Each structure stands twice: as C-alpha cells, then as structure tokens.
Amino acid sequence: AVAIDGEGGAIASADARGRVRLWDGTGGPAIELGEGDGPTERLAFSADGRWLVAGGGAGELRVWDLRSEARAEPRRLAGHRAAVVGIAFDAAGALLATSDRRGVLRLWDMSGETGGRSIGVHVEAAGAVEELVFEAGRLFGRAGGRVLAWRVYPPGAERRLGAREGLPSAGALTAFAVVGERVITGDVAGELTVWRTGRTGWTGRSAGRHRGPVARVRAVAGRQAAVSLGRDGGLMLVELAAPVRRDGTPLVYAFAPLARSADDLVVETGGRRALTVGDELAVWDLAQRRAEPIARLGEGRVTAVAGAGAWAAAGGEDGVVRAWDLRVDGGSAGASPLTDHGSEVVSLALAGGGTALASAGRDEAVRVWRVDRDGVPTAYAVLRPQRAVDRVVVSEDGRWLAGSSGRALHLWDLEAIEREPVELIGHAEAIRELRFAGSGWLASLDSTGEIHFWRMTPGGPEASSRR
C-alpha cells in the first residue's frame, strides 16, 4: 500500500509484513514507523498532512501524529476484527471513517491533541463498505450493490453518525459519483440515476440508460456535472447545473457508442475532454458535445497509456504507438501514429512538457521520440538493451530515460544517446514502479516494498541507499 500527502509532499508505504515507512519525497532518509501484526491493506493521510492511518488485514488500525516529536510511536485504535477495506478523512482532517470486510463502519474524532476517539459505529448487514467518500455533510460508501449514506453531525451533537440512508435502487449498483448535494449512480442494467435527499429521504430520477452495465461514473471537477461510461462503450454527459426538462429530469447528452467495449474513463479537469479506454482508446469533445470521438486510436486492445500536460499517448497489442495533442480540434488529425514495435507495447512515458516520448515493447526495443514546438514527433533513437524492458519513465525536462527489467535498472542520458546506459545497482527483487520527482530524483520500488532514491546530477546519478 502507498499513500501520498498532497499538502506536504510526504509519502508513506507499507509492505506485506506491515512495515510502514515515511519519507519527504526529496530523497532524505526514510523514517521507519514500525511493523504491524500482519499485512497492511490501506494507508491514508489527512488533508492537512497531520495524520497517517494504516489499516491491517486483521483489523488493526495504527495512527501516527506526524507533527509530534514522538511520531514513530503509533496509537492503536480498537474496534475492527476483520481486514480494513476503507479509510477516509473529511476535508478538515477532523473526522476519520474506517470500514472492515465484515461490514463494521466506524467514525473517529481526530480533533484535539491526541485524536482517535470513537464517536460512531454502524454494522452493515450488506457486507463490506468500500469507496468511502465524505461530501456535503455525509459519508458515502458502496456495499452489496448499493450506495449508502450516513449524515455526519457537528461536534457537540448527541451523536455524530446518523442512521443509514440507503439509496433505494432497484438494481445492483456498479458505480457512483458524488456531485455536491447529489449522487449519480449506475447499475448492472445500465440505468443512470440522479439522487437527491429531502424530507422523505432519497429520491431519484432516471437520467438515461446505457445498453449494458455501467462501468464508471466520474464527477467533473469544478462543475455540477458528471460523465458515465457503459461497458458497451456508450458515453453520457449529465449536466446538473443546466435547466432541467419539464418533467424535472436533468439534461443528458448521449454520445454515439463505440463499436467495441470500454471499461475505464478519464475526464479532464473542467470537463472539456474525456478519454475512454478499452478495446480502443477514444478521445471525446465534451465541450462541443460532438457525437463521435474526435480521435480513435486503433482497434487493438490498449495496453499502455501515458499523459503529460496537453499530450497523451497510447500503445496497444498491435505494437503501434500513437500520440496526440489534446489542444488540437481537428479530431484524429491530432493523433500521430509513430512506429510499429511489431509486438505488444508494454510501457509508455511522456516528459512533463510533452517534449519527449519513450515506449517499450515485447520486441525488446525501447524507442524514443522528440516532439517539437509544433507538436510534431520525430524518431530520435531505438535502444536495444541486453534484456527486455518492462517499464519506462522520462524525466520532466526530457533529459533522462529510465527503464527496468526484473531487478535491473538502466538509465540513459537523452542528450548523449550514443553513450551506453548506466546500470543502477541496488534491488534484489523485481522492480514494480519507477517515478521521477521533477528532474532531480528517480525513485524505484521493488516487490518487497524496498525503495531506492537516485539523485540526478548534471554528470549522472549518484549512489542510492535503501529506504
């Protein structure tokens, strides 16, 4: 399990033995926060960066106050007797919600000097409550094919966790999103419903219907809107702030369904563009509500996707890598087929400004392109390391390319591509993740949870120590 504190830049990780480590993300020494009674299933920071919570497979809850000098000593919260499957903080960091696999949901008061006082408990007969979300004075979660809500009362109230307000859906719910005071759900039959609460409880209005189960519902950040995706490849935009129809239902814009299935959805901040991922990757113009995708990136199964700034790239089973500039309004004219690996693309990476693109394929080659100011990609180099590379990353300034193969890690200087790559030694097990932090650090994580930081200097990487 891994968690990132967006406020202060801290990173926490936990391994199968329950060991939790904390570091500041700049390559400084990791702080060992101790070992639990078993595997750690969930990690979460509070929004203000003060609290770190770890939930264990046996119901163990450990809480660290990261502002305390004694932060290495966690407080243990008792109450769960099964694996913790959900952890959520409210926006102020004053309330903590946790849930376990047996359906026990608990609310904790994290205000004051110590935090961790139990202030509410609910046992959900429907089973494990997952996908916990605090929004608009309520706690939401999904359990047993239903979306559930509990009102959270202010401090000083007789109780803090209200009675359950289950949304009375007729079908098994497969996805939901919370948009202000309303909840949008999708079910196994494809029904899309907008819910709001009143004196008589939650009432819903149909907002449309997909031809198959709903795969995803995403809220549009900064707008009263949401986008839904059906497994049939159909896309719908629900405008909650727009004038409603005479019967009170919201305005819904249905887009032409894809010919092939889709299972995931990404919505650009502001809701101007959306990307659907499945047997093909398609770009949609939500702002102009164009019925057809403005870009289709092949019919082969998409196996790797990357994005940076206004740029996105995708590679598929057919071995073709395609890149496009989301600022281009010419539809598929903005997509550039780059090359054919001859076999499945396994990893893609874009530099932060979209100035460099790298791909790795099962043909054991790593290909690099440079992208000019006009957005035109040009083949730059074909690298053939001794062993097939399974993941690649590019630094934000486009200078460094890192690739892993099992436990081996290689680094290329793209400003001196004729040089042999530097092999970075340190991992004893297979590398699972690679990340550049800006252009100054490279981090690598292996299957045991061991992390190495490599400082990137103008002359090359400096030696790493284990974290």
Side-chain angles (χ1 to χ4, degrees), residues 2 4-5 8-13 15 21-32 304 306-309 313 346-361 364-371 380-467:
V2 177
I4 300 176
D5 165 30
I11 304 171
S13 68
D15 59 23
R21 296 184 177 96
L22 176 73
W23 62 97
D24 62 10
T26 65
I31 300 174
E32 297 283 347
V346 297
S347 183
L348 283 171
L350 273 161
T355 56
L357 167 67
S359 65
E364 302 187 3
V366 176
R367 288 173 166 81
V368 184
W369 293 266
R370 290 293 193 185
V371 182
Y380 180 66
V382 178
L383 310 174
R384 297 192 179 276
Q386 294 181 351
R387 285 178 287 183
V389 170
D390 48 32
R391 56 182 47 80
V392 289
V393 291
V394 181
S395 62
E396 289 191 14
D397 61 1
R399 176 177 179 182
W400 302 103
L401 166 66
S404 65
S405 176
R407 64 185 183 183
L409 178 59
H410 291 88
L411 185 76
W412 288 267
D413 184 347
L414 297 183
E415 293 183 356
I417 198 65
E418 70 281 356
R419 297 177 185 172
E420 290 294 317
V422 176
E423 184 172 4
L424 305 180
I425 306 296
H427 287 285
E429 299 295 335
I431 296 170
R432 293 174 52 190
E433 294 288 344
L434 291 174
R435 292 284 188 276
F436 275 103
S439 300
W441 291 91
L442 170 65
S444 54
L445 168 72
D446 66 28
S447 58
T448 68
E450 185 173 290
I451 297 174
H452 287 253
F453 278 100
W454 316 84
R455 183 188 294 275
M456 307 304 299
T457 69
E462 292 184 349
S464 164
S465 59
R466 290 184 298 179
R467 307 302 182 202

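Since the structure is predicted, the reported quantities are computational estimates derived from the model, not experimental observations.
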Going by the angle between their ring planes, with limits at 30° and 60°, are W454 and H452 parallel, tilted or perpendicular? parallel
Please report the shortest heavy-atom distance between A388 and S405, naming the atom on each side. O-OG, 2.7 Å
Any M456 side-chain heavy atom under 4.5 Å of W441 side chain: no
What one should report as the nearest heavy-atom pair of T457 and W400 is O-CZ2, 3.5 Å
Kindly say whether L434 contributes a backbone atom to a donor-acceptor pair with the side chain of S444 at under 3.5 angstrom? no
What are the two closest non-hydrogen atoms of P385 and W412, and how far apart are they? CB-CZ2, 4.2 Å
Check for a donor-acceptor pair, side chain of R391 on one end and backbone N or O of R432 on the other, with a separation under 3.5 Å. yes
Would you check if the side chain of Y380 reaches a backbone N or O of I417 as a donor-acceptor pair within less than 3.5 Å? no
Within the distance-only criterion (no hydrogens, no angle test), does the side chain of R435 pair as donor or acceptor with the backbone N or O of V393 below 3.5 angstrom? no
So which atom in V392 and which in A360 form the shortest heavy-atom distance, rounded to 0.1 Å? CG1-CB, 4.0 Å
Flag for D390-S404: side-chain donor and acceptor within less than 3.5 Å: yes
So which heavy atom on A402 is nearest to which on L409, and how close? CB-CD1, 4.5 Å
How long is the straight-line distance from CG of L383 back to CD of E420, given to the nearest 0.5 Å? 10.0 Å
Candidates V389, L411, V394 - the one meeting side-chain contact (heavy atoms from CB on, under 4.5 Å) with L401: V394
More than 12 foreign heavy atoms under 6.0 Å from CZ of R407: is that the case here? no
Any side-chain heavy atom of L442 sitting closer than 4.5 Å to one from P461? no
